[in-house]
Amino acid sequence: MYNLIANPRSGGGKKRKILERVVERLETLKKPYRVFETEKEKQAIFLTRELTSEGEGDIIVVGGDGTLHEAVNGFTNFEKCNLGLIPAGTGNDFAAAAKIPSDPDAALDLILNGQPKPTDFMQMDSVRGINVIGTGIDVEILKRCRASKILRGKFQYIISLIISLFKFKNYKMHTVAGGTENDYSALIACVGNGRQIGGGIRMCPEACMDDGLLDFVVCTDVKKSHIPAAFVKLMQGKILKENFTRFVRSEKVEVFPEKKLTVQVDGELYDDLTFKVKVVKGKLMMYRG
């Protein structure tokens, strides 16, 4: 049984068409399925929790990073249920890292004909993440995007990034990762299981989702005059080579900011969330490339 979870009302009809295509193919192939359409925020968490508790089928998210984030947070029966993804979001950042085709037919073929693979995820006190967790300029960018009433999609994120790079003031923080402690005045501190955010911005370009390790990346002070060059390096996936970047792999990462900060988890914003992350390996089985 394939349990499809989708929010077809968002995305300007794109998700609806993708969902209809997936259902059409499942009908043609005579594969058993059920469709569950979400109508409000966080509903996918409760749907996934209920469906995986039944232990009678895989969860297939037809959506983007936000719906996938909710599904991961609702997962309860890892022994009997697998997770699949048909990319239907704006950025589809995790899908890119997981080598899940953007074409819905190809993504469905991966689920129907492939074997699920062990896939790491990140656990905080009360929230799970599967792509990237961060605080700093990434949060400001997301807030700027959500406040904009003009720009949409990936272009909106790029413009917000450029504006934020020139306006952002660094945060002081103490970090513990890889057996070492450091103090930073940081532009961003992020933990990657996936590789990118914002529809292709590779903050953690070398992250691997089945190595049992988290990629912890901190960008420290960047001079205003160096911002254009740093932006180019970021877009090229070469940010780890810059002298203002600190990078370490660890099973656990802790960030203690000087003042309370908003944390983004897979693009979702959380206030008053303690930035302590550990990797959970070999538990979640996912259809991916």
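Please read all numbers here as calculations on a predicted model, not as lab measurements.
There is a path of hydrophobic side-chain contacts, each under 4.5 Å, that joins Leu112 to Val35. Note on Tyr2 and Phe75: separate hydrophobic clusters, where clusters join Ile, Leu, Val, Met, Phe, Trp and Tyr whose side-chain heavy atoms are under 4.5 Å apart, directly or indirectly.
Evaluation of the side-chain contact (heavy atoms from CB on, under 4.5 Å) rule for Met124 yields Ile133, Val263, Val265, Leu273, Val277 as partners, not counting sequence neighbours. Partners of Glu251 under the side-chain contact (heavy atoms from CB on, under 4.5 Å) rule, at least two apart in sequence or in another chain, are Leu213, Val279, Lys281.
For the pair Cys81 and Gly57, the tightest heavy-atom approach, listed with the atom from each and the gap, is SG-O, 3.3 Å. Across every non-hydrogen atom of Gly198 and Asp93, the tightest pair is N-OD2, 3.1 Å. Scanning both residues, Ile18 and Pro104, for their nearest heavy atoms gives CG2-CB, 3.9 Å. Here the closest heavy-atom approach between residue Glu70 and residue Lys42 is recorded as OE2-N, 2.9 Å. For Ala177 against Val253, the heavy-atom pair with the smallest separation is CB-CG2, 4.1 Å. The shortest heavy-atom contact between Ala189 and Phe216 is CB-CE1, 4.2 Å.
To the nearest 0.5 Å, the span separating NZ on Lys233 from CZ on Arg202 amounts to 12.5 Å. Between atom CZ of residue Arg49 and atom CG of residue Asn77 there is a gap of 13.5 Å, rounded to the nearest 0.5 Å. The CG atom of Leu269 lies 6.5 Å from the OG1 atom of Thr262; values are rounded to the nearest 0.5 Å. Interatomic distance, CD1 of Ile137 versus SG of Cys219, reported as 9.0 Å (0.5 Å rounding). Taken from CG in Asp215 to SG in Cys190, the straight-line distance is 9.0 Å, to the nearest 0.5 Å.
Looking only at atom types and distance, the side chain of Thr67 has no donor-acceptor partner in the side chain of Asn7 under 3.5 Å away. Between the side chains of Asp58 and Tyr287, at least one donor N or O lies within less than 3.5 Å of an accepting N or O. Looking at Arg246 and Thr220, their side chains never bring a donor and an acceptor atom within 3.5 Å of each other. Of the N and O atoms on the side chains of Arg128 and Gln123, at least one donor lies less than 3.5 Å from an acceptor on the other residue. In summary, the side chains of Asn3 and Arg34 do present a donor paired with an acceptor at a separation below 3.5 Å, with no hydrogens or angles considered.
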- [ ] For the pair Met286 and Met209, evaluate side-chain contact (heavy atoms from CB on, under 4.5 Å) and give the outcome as yes or no after the intermediate values.
- [x] CA-CA 11 Å; Met286 185 170 189; Met209 61 188 64; over 6 Å; no

- [ ] Run the numbers on Glu37 and Arg16 for salt bridge (Lys or Arg N to Asp or Glu O under 4.0 Å), then give the verdict.
- [x] CA-CA 10 Å; Glu37 297 184 9; Arg16 168 65 68 184; 3.2 Å; yes

- [ ] Show your working on salt bridge (Lys or Arg N to Asp or Glu O under 4.0 Å) between Lys278 and Asp125 and close with a plain yes or no.
- [x] CA-CA 9 Å; Lys278 64 180 180 180; Asp125 287 341; over 6 Å; no

TODO: Kindly determine whether Ile60 and Ile111 satisfy side-chain contact (heavy atoms from CB on, under 4.5 Å), including the steps that lead there.
DONE: CA-CA 9 Å; Ile60 310 300; Ile111 294 168; 3.8 Å; yes

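Distance alone, capped at 3.5 Å, places no donor-acceptor pair between the Ser185 side chain and the Lys172 backbone. Judged purely by atom type and a 3.5 angstrom limit, Ser250 uses its side chain to pair as donor or acceptor with the backbone of Lys252. Side chain of Lys117 to main chain of Gly289: a donor-acceptor pair is present (N/O by atom type, distance under 3.5 Å, no hydrogens or angles).
The shortest side-chain heavy-atom distance between Pro118 and Leu284 does not fall under the 4.5 Å cut-off. Counting heavy atoms from C-beta outward, Val132 and Val191 have side chains that stay 4.5 Å or more apart. Under the 4.5 Å side-chain criterion, counting only non-hydrogen atoms from C-beta, Ile100 is in contact with Pro87. Using a 4.5 Å heavy-atom cutoff, the side chains of Glu50 and Leu47 are not in contact. Between Val127 and His69 there is a side-chain heavy-atom pair separated by less than 4.5 Å. Using a 4.5 Å heavy-atom cutoff, the side chains of Val22 and Leu4 are in contact. Side chains of Ile130 and Phe94 form a contact here, defined as non-hydrogen atoms less than 4.5 Å apart. The shortest side-chain heavy-atom distance between Leu83 and Thr119 does not fall under the 4.5 Å cut-off.
The aromatic rings of His174 and Phe256 sit tilted, their planes meeting at an angle between 30° and 60°.
Taking the six-membered ring for Trp, Tyr270 and Phe275 have ring centres at least 6.0 Å apart.
Atom CD of Glu20 is surrounded by more than 12 heavy atoms from other residues, nucleotides or ligands within 6.0 Å.
Contact check on Arg21 versus Asp105 returns a salt bridge, with a Lys/Arg side-chain nitrogen under 4.0 Å from an Asp/Glu carboxylate oxygen. The existence of a salt bridge linking Arg25 and Asp109 is confirmed by a sub-4.0 Å separation between a basic side-chain nitrogen and an acidic carboxylate oxygen.
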